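Input: one structure, supplied below.
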Amino acid sequence: TAAYGVGGCRLQINFISQINFVMISLFSLCLFLYLGKFCVLDPFFQQSWNWQYLEAASAFTEALDYIENHSDDADSPETSLTKQIVTLINNRSAMYEKGDLPELAVEDCNKILEVYDLTHTKARQRKLRIVENKFQDYYEALVQCCALQLQYMQQHKDQLRLGLPPSAPPPVQQDKLEELVQKLVPEQLDEYDKKIIERIKENPQLPSDYTLSQLLKSYTGYDGWMA
């Protein structure tokens with residue numbers, strides 16, 4: 001039980017210690033799941049690994065609920081527990097992705113990027129991966145890819161300005177950007193063709209009666225046919 005000390009320091013230390021203990025336990029669970037995925041000696045584990053990932057996601061949710069119920073400013077993007085909250089949400093998102101729940105995984109990614117940390121690289125990379133491979137939303141994938149590239153250029157602008165190689169590799173390669181553009185352009189062209197066909201069906205641009213009569217008169221046998 002947390003005890004009050006001078007200025008509430010002991011309460012804060014004990015509370016953060018409890019959170020750190022929970023996070024260490026969850027990290028150990030995730031490590032076990034990761035190693036178990038490649039364990040070929042246990043076929044039962046191989047068959048139930050999706051369920052195991054969802055169990056891990058549930059554990060992360062319990063940890064987040066604990067923080068929310070024991071902290072007055074847990075919903076604020078700037079608190080002493082922000083780093084722990086973001087880590088828990090990001091790990092839960094990873095478990096959702098591995099457990100084949102892409103919608104929930106993207107929802108957690110959006111929460112990190114929109115509420116806590118716009119520059120969170122792992123959350124944006126995961127969102128890029130899911131919207132491209134699971135949803136086939138190449139436009140949104142291109143948006144996330146460009147955001148990662150711009151963020152990388154901003155972080156290494158001094159090195160790039162001097163012509164020096166950046167200290168870290170880019171989060172996405174240039175060929176990924178080109179690949180998404182190649183997927184997106186045919187998709188947009190097909191959509192444009194569909195819109196044109198629908199527009200023609202709704203408002204058919206048929207020739208006028210005068211145009212039709214002039215076309216008939218252009219035939220050499222028109223006079224004989226009219227006679």
Side-chain angles (χ1 to χ4, degrees), residues 26-27 30-31 33-34 37-38 49-61 64 75 77 82-161 164-199:
L26 291 172
F27 175 78
C30 290
L31 180 61
L33 292 172
Y34 179 80
K37 179 180 178 182
F38 300 100
W49 64 276
N50 269 17
W51 176 82
Q52 297 284 352
Y53 285 129
L54 300 184
E55 283 289 307
S58 178
F60 287 123
T61 300
L64 288 166
D75 294 331
T82 297
K83 184 176 180 180
Q84 289 89 336
I85 293 173
V86 171
T87 299
L88 289 169
I89 297 176
N90 183 60
N91 288 342
R92 183 174 67 178
S93 177
M95 294 300 102
Y96 282 146
E97 181 186 14
K98 293 179 181 296
D100 200 22
L101 290 177
E103 292 85 0
L104 293 178
V106 170
E107 183 178 329
D108 274 349
C109 291
N110 288 336
K111 186 171 184 179
I112 293 174
L113 297 171
E114 295 172 6
V115 177
Y116 293 102
D117 185 2
L118 182 64
T119 64
H120 198 283
T121 302
K122 289 184 178 180
R124 199 173 293 280
Q125 285 177 318
R126 184 175 300 109
K127 183 176 180 179
L128 164 61
R129 185 166 56 247
I130 293 175
V131 296
E132 178 188 4
N133 299 325
K134 292 292 185 179
F135 302 155
Q136 283 77 50
D137 187 348
Y138 302 124
Y139 177 80
E140 182 61 29
L142 183 61
V143 169
Q144 299 305 318
C145 186
C146 291
L148 286 167
Q149 291 279 44
L150 291 173
Q151 177 181 320
Y152 177 79
M153 293 173 64
Q154 179 65 24
Q155 292 173 344
H156 300 86
K157 60 181 180 180
D158 294 334
Q159 294 168 304
L160 294 173
R161 187 182 296 115
L164 300 175
S167 57
V172 289
Q173 299 298 324
Q174 182 65 27
D175 56 357
K176 170 56 68 176
L177 186 65
E178 297 173 357
E179 176 187 345
L180 290 173
V181 171
Q182 291 176 0
K183 290 180 178 179
L184 186 60
V185 171
E187 182 183 74
Q188 287 187 329
L189 291 177
D190 291 342
E191 188 66 24
Y192 184 70
D193 289 340
K194 291 178 183 178
K195 289 181 179 179
I196 292 177
I197 294 174
E198 291 175 358
R199 189 177 303 171

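Keep in mind the model is a prediction, meaning the values are calculated, not measured.
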Check the pair Leu177, Val172 against side chain to side chain contact (heavy atoms under 4.5 Å, CB included), reporting the backbone distance first and the verdict last. CA-CA 8 Å; Leu177 186 65; Val172 289; over 6 Å; no

Checking Asp175 now: which residues fulfil side chain to side chain donor-acceptor pair (under 3.5 Å) with it, not counting sequence neighbours? none

Enter the distance from Leu128:CG to Gln125:CD here, rounded to the nearest 0.5 Å. 8.0 Å

Flag side-chain contact, heavy atom, 4.5 Å: Gln159 against Ser167: yes

What distance do Asp117 atom CG and Thr82 atom OG1 have between them, rounded to the nearest 0.5 Å? 10.0 Å

I'd like a table of donor-acceptor pairs (distance under 3.5 Å, sequence neighbours excluded) in which one partner is a side-chain atom from residues 133-145, with atom names and distances.
from	atom 1	to	atom 2	distance (Å)
Asn133	ND2	Arg129	O	3.1
Lys134	NZ	Asp100	OD1	3.2
Gln136	NE2	Asn133	O	2.7
Asp137	OD1	Glu140	N	3.2
Glu140	OE2	Gln144	NE2	2.6
Gln144	OE1	Arg124	NH1	2.7

In residues 146-155, what donor-acceptor pairs under 3.5 Å come from side-chain atoms, sequence neighbours left out?
from	atom 1	to	atom 2	distance (Å)
Gln151	NE2	Thr119	O	2.8
Gln151	NE2	Thr121	OG1	3.2
Tyr152	OH	Ala168	O	2.5

Nearest 0.5 angstrom please: Ile130 CD1 to Leu104 CG, how far? 10.0 Å

Can you list everything that forms a salt bridge (charged side-chain N to carboxylate O under 4.0 Å, His left out) with Glu179? Sequence neighbours excluded, please. Lys176, Lys183

Distance-minimising heavy-atom pair for Pro166 and Leu160: CG-CD2, 3.8 Å

Partners passing side-chain contact (heavy atoms from CB on, under 4.5 Å) against Ala57 (at least two apart in sequence or in another chain): Arg92, Met95, Tyr96

Using atom types as modelled and distance alone, determine if a side-chain donor or acceptor of Ser93 lies under 3.5 Å from a backbone N or O of Ile89. no

Who pairs with Lys111 by salt bridge (charged side-chain N to carboxylate O under 4.0 Å, His left out), at least two apart in sequence or on another chain? none

On a heavy-atom basis, the closest approach of Ala123 and Cys109 is O-SG, 3.3 Å

